[in-house]
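Along the sequence shown, the residues carry numbers beginning at 1.
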Amino acid sequence: MTETKKTTIFLILAVIFLVTAVLTRPVVREIKMEEMIGKPLFQKFTDPLAVKTLEIVKPNSTGDTEHFRVTEVDGVWSIPSHDNYPADAKDQMGKVAEALVDLKVLDVVTSPTEENDITALHTMYGVIDPNSESASLSEGIGVKVTLIGAGDEKFVDLIVGKEADAKEQKNSEDPTEQTKLRYVRIADQVPIYIAEIDPSRFTTNFDQWIEKNLLDISSLDVKEIFVDEYSYKTELDMQLGAPVIIPTFIGDMVFGYDSSASGPEKWTLKKWMGFRGTKYEYYERTMKPDEELNSETLDGMISALNDLKIVSVTKKPSVLATALREGKPFSEQIGTPDPSLQKSGFCLVKLPDLKRGTGERIQLLSNKGDIQIRMKDGIRYNLRFGDLTGTESEITNNADNNTEASGKNQPAMGANRYLFVTAEFDASMIPEPDIQPVPEIPDGLNPEQTENANKEKEQIEKSNQREQERYNKAIEEGKKRAEKLTNRFADWYYVISEDVYKKIHLTQINVFREKKKETEDKDEHHEHGENHDHKQETIETKLPNLPGTDGLINMSGLSETPAEETKKEEPKPVDETKKEEPKPVEETKKEEPKPVEETKKEEPKPVEETKKEEPKPVEETKKEE
């Protein structure tokens with residue numbers, strides 16, 4: 001074949017391919033913006049279950065940009081901005097998907113053909129991308145919502161702007177929903193549309209994306225509440241040149257709870273122990289004839305526990321979390337105290353075992369004491385109250401979890417407090433099986449008597465077997481539940497609001513009251529209790545840079561007089577107690593135990609003199625006040 005023929009063939013093939021390409025090319029039709037009205041804005045987004053990641057970016061009240069991200073990995077939703085804390089995304093993701101699936105365009109505000117300043121238009125309608133450079137203008141910034149599927153496929157990338165003007169709500173399908181009409185636009189496009197959408201569904205509040213009931217308990221299953229009332233403070237020891245821990249022990253109380261009863265009958269004081277004397281004698285106390293339990297305070301505590309809400313979390317170091325998960329005693333958990341404990345208001349110390357009187361042991365102390373919730377199924381929840389955090393919410397504003405680099409954590413909105421939660425199983429809380437003695441069949445019975453005796457024996461044996469199986473099942477289920485809860489709590493320091501703390505933190509001040517004589521007396525007593533509690537918070541001191549990298553925190557020893565000693569004369573009104581103040585601790589001890597009247601006759605010492613005598617911890621002084 002000659003070269004000329006080859007060239008001719010190639011030219012003919014080229015022409016054929018060109019004609020084929022022209023005939024089969026897709027027809028591009030310019031879509032007019034008006035044709036978008038009534039159609040879904042994101043036509044490819046039809047399956048909410050295909051979403052694997054949700055990102056929300058929005059401006060906050062301080063002018064910073066707030067990033068929030070929820071993602072699913074292996075079927076588990078988590079929040080990367082909070083160290084991948086488990087998210088209860090079912091409800092919230094449903095709300096987001098419902099708002100965006102089949103989101104229809106109701107009207108078109110601008111189109112690409114209009115010759116306008118695009119940035120000015122986007123600013124006017126509030127649809128500036130919060131991630132763009134234009135966001136630095138701090139005006140007209142919208143809320144950006146992005147839904148991502150497998151393989152980083154973007155189903156939705158929407159910017160929600162300002163509310164639509166009333167005159168532009170002409171196409172609203174429901175006039176009652178006109179307040180939900182918003183200016184919106186697709187993130188990488190210019191046109192601005194009007195759509196019916198509720199931006200409140202795109203919340204970045206941490207507590208809205210997690211399980212609401214932290215403890216997962218029902219008040220119907222509560223059996224007892226144990227309160228261990230104490231506190232500690234840190235003080236600089238000039239000789240050691242380091243801060244030391246000074247604990248103040250007050251006592252403990254056990255309250256029985258009967259959910260089937262009504263009113264004050266739900267509550268009983270099962271045990272009340274206190275400390276007295278310079279050697280901290282552990283003794284049993286009783287309510288006086290004119291005292292009663294404050295059932296309103298106790299009911300409020302149960303209600304708050306039944307729906308315990310947290311506002312943030314901080315992850316524990318892995319060594320501590322692993323030790324907790326393995327159930328090691330605190331004395332064996334870590335060779336040296338973990339700095340995160342001290343930072344959060346907890347400390348490991350070696351103290352005399354005042355309650356058992358069996359020498360010293362390593363204890364985990366909490367800044368504001370502990371409570372224990374004892375359940376009918378044998379689960380014991382231990383809630384330890386730590387230090388104040390000073391922040392309302394620690395929402396991280398960096399979707400890549402680079403929190404330190406971003407420097408955009410939410411500012412303080414109110415006081416919060418750390419909460420250390422553990423769970424364990426106590427088999428003694430499970431009722432023992434009701435095992436009946438199996439009778440022996442005596443000799444000499446006739447056949448009928450023998451048959452009846454055998455039937456009775458068989459019935460008792462079956463009943464005993466059922467009882468034992470019930471007990472064994474309760475023990476097995478209790479252990480499994482305790483293990484599940486331990487794994488759940490081990491990794492986290494929780495943060496609760498101060499309002500929640502005040503509801504669940506019980507003290508002798510707020511659980512006992514004088515029996516009602518007059519409404520005025522009750523109100524006055526309650527008011528003093530609140531003032532006293534507030535005073536404790538305001539004078540609390542904490543020193544930074546606690547030691548603990550080389551061993552347990554230093555202890556200065558117990559104060560010479562237990563805090564409970566100053567409460568021996570209660571229940572006196574707070575005003576009456578104040579008349580005795582301020583007396584030095586030594587003088588108070590010398591006069592004990594004197595009747596109230598004799599104590600009152602003593603002239604009060606000036607404040608300056610009291611200060612000279614004090615080596616007492618702050619908490620002790622507060623109790624006397």
Side-chain angles (χ1 to χ4, degrees), residues 45-57 66-101 144-157 201-217 307-327 340 379 381 393-403 406 419-423 477 479-496:
F45 179 46
T46 58
D47 183 11
L49 297 179
V51 177
K52 299 300 180 183
T53 298
L54 164 68
E55 293 180 352
I56 301 174
V57 185
E66 182 178 315
H67 294 252
F68 187 80
R69 182 183 177 98
V70 183
T71 189
E72 179 190 343
V73 179
D74 297 328
V76 178
W77 287 91
S78 61
I79 306 174
S81 61
H82 285 70
D83 297 307
N84 289 315
Y85 185 80
D88 184 19
K90 182 179 178 181
D91 292 339
Q92 286 298 333
M93 283 300 297
K95 292 179 180 179
V96 171
E98 184 182 358
L100 297 174
V101 168
K144 186 175 184 179
V145 183
T146 306
L147 297 183
I148 304 172
D152 293 333
E153 179 184 2
K154 286 187 179 181
F155 296 133
V156 173
D157 202 10
R201 299 190 178 206
F202 311 129
T203 178
T204 57
N205 291 338
F206 173 74
D207 60 348
Q208 297 298 312
W209 286 94
I210 60 174
E211 188 171 345
K212 300 297 186 292
N213 187 347
L214 173 64
L215 303 181
D216 190 22
I217 67 173
D307 186 25
L308 185 59
K309 292 181 173 63
I310 61 175
V311 298
S312 188
V313 292
T314 299
K315 197 159 190 176
K316 295 172 185 167
S318 59
V319 61
L320 176 58
T322 300
L324 290 168
R325 202 173 281 110
E326 293 175 354
S340 70
I379 299 297
Y381 295 89
S393 179
E394 296 179 359
I395 297 174
T396 305
N397 297 306
N398 191 304
D400 296 327
N401 201 26
N402 186 16
T403 56
S406 68
L419 182 69
F420 191 122
V421 182
T422 57
E477 290 180 348
K479 290 180 178 179
K480 288 182 178 178
R481 178 163 169 76
E483 182 180 1
K484 179 181 178 181
L485 291 169
T486 296
N487 291 331
R488 179 180 180 181
F489 300 143
D491 288 315
W492 309 100
Y493 294 112
Y494 297 99
V495 179
I496 58 175

Step-by-step salt bridge (charged side-chain N to carboxylate O under 4.0 Å, His left out) determination, Arg488 to Glu483: CA-CA 9 Å; Arg488 179 180 180 181; Glu483 182 180 1; over 6 Å; no
How close do [X] and [Y] get, heavy atom to heavy atom, and via which atoms?
X      : Y      : answer
Lys316 : Ala490 : CD-O, 3.0 Å
Ala97  : Phe45  : O-CE2, 4.4 Å
Thr71  : Pro80  : CG2-CG, 3.8 Å
Tyr381 : Leu485 : OH-CD1, 3.4 Å

Audit row: Thr53, Glu72, side chain to side chain contact (heavy atoms under 4.5 Å, CB included) steps and yes/no: CA-CA 6 Å; Thr53 298; Glu72 179 190 343; over 6 Å; no
Backbone N/O of [Y] and side chain of [X]: donor-acceptor pair under 3.5 Å:
X      : Y      : value
Thr203 : Asn205 : yes
Asp47  : Leu49  : yes
Thr486 : Ala423 : yes

Tyr494 and Phe489 aromatic ring geometry - parallel, tilted or perpendicular at 30°/60° bounds: perpendicular
Salt bridge Arg201-Glu98, side-chain N to carboxylate O under 4.0 Å: yes
Pair Asp152 + Lys52: basic N to acidic O under 4.0 Å: no
To the nearest 0.5 Å, how far apart are [atom1] in [X] and [atom2] in [Y]?
X      : Y      : atom1 : atom2 : answer
Asp307 : Lys212 : CG    : NZ    : 9.0 Å
Leu215 : Ile379 : CG    : CD1   : 11.5 Å
Leu214 : Ile210 : CG    : CD1   : 7.5 Å
Tyr85  : Ile79  : OH    : CD1   : 8.5 Å
Leu419 : Ile310 : CG    : CD1   : 9.0 Å
Ile496 : Leu308 : CD1   : CG    : 6.0 Å

Distance-only side-chain donor-acceptor flag, Tyr493 / Ser340, under 3.5 Å: yes
Taking the side chain as C-beta and beyond, is there a heavy-atom pair between [X] and [Y] under 4.5 Å?
X      : Y      : value
Val145 : Leu100 : yes
Trp77  : Asp88  : no
Val421 : Trp492 : no
Thr46  : Val101 : no
Asp207 : Lys309 : no
Ile148 : Leu54  : no
Leu147 : Asp157 : no
Thr146 : Lys144 : yes

Derivation and outcome, salt bridge (charged side-chain N to carboxylate O under 4.0 Å, His left out), residues Arg325 and Asp491: CA-CA 9 Å; Arg325 202 173 281 110; Asp491 288 315; 2.8 Å; yes
Audit row: Ser81, His67, side chain to side chain contact (heavy atoms under 4.5 Å, CB included) steps and yes/no: CA-CA 8 Å; Ser81 61; His67 294 252; over 6 Å; no
NZ (Lys480) with more than 12 external heavy atoms under 6.0 Å: no
Between Trp209 and Phe68, ring centroids under 6.0 Å: yes
Check against side chain to side chain contact (heavy atoms under 4.5 Å, CB included), Phe206 and Val311: CA-CA 7 Å; Phe206 173 74; Val311 298; 5.9 Å; no
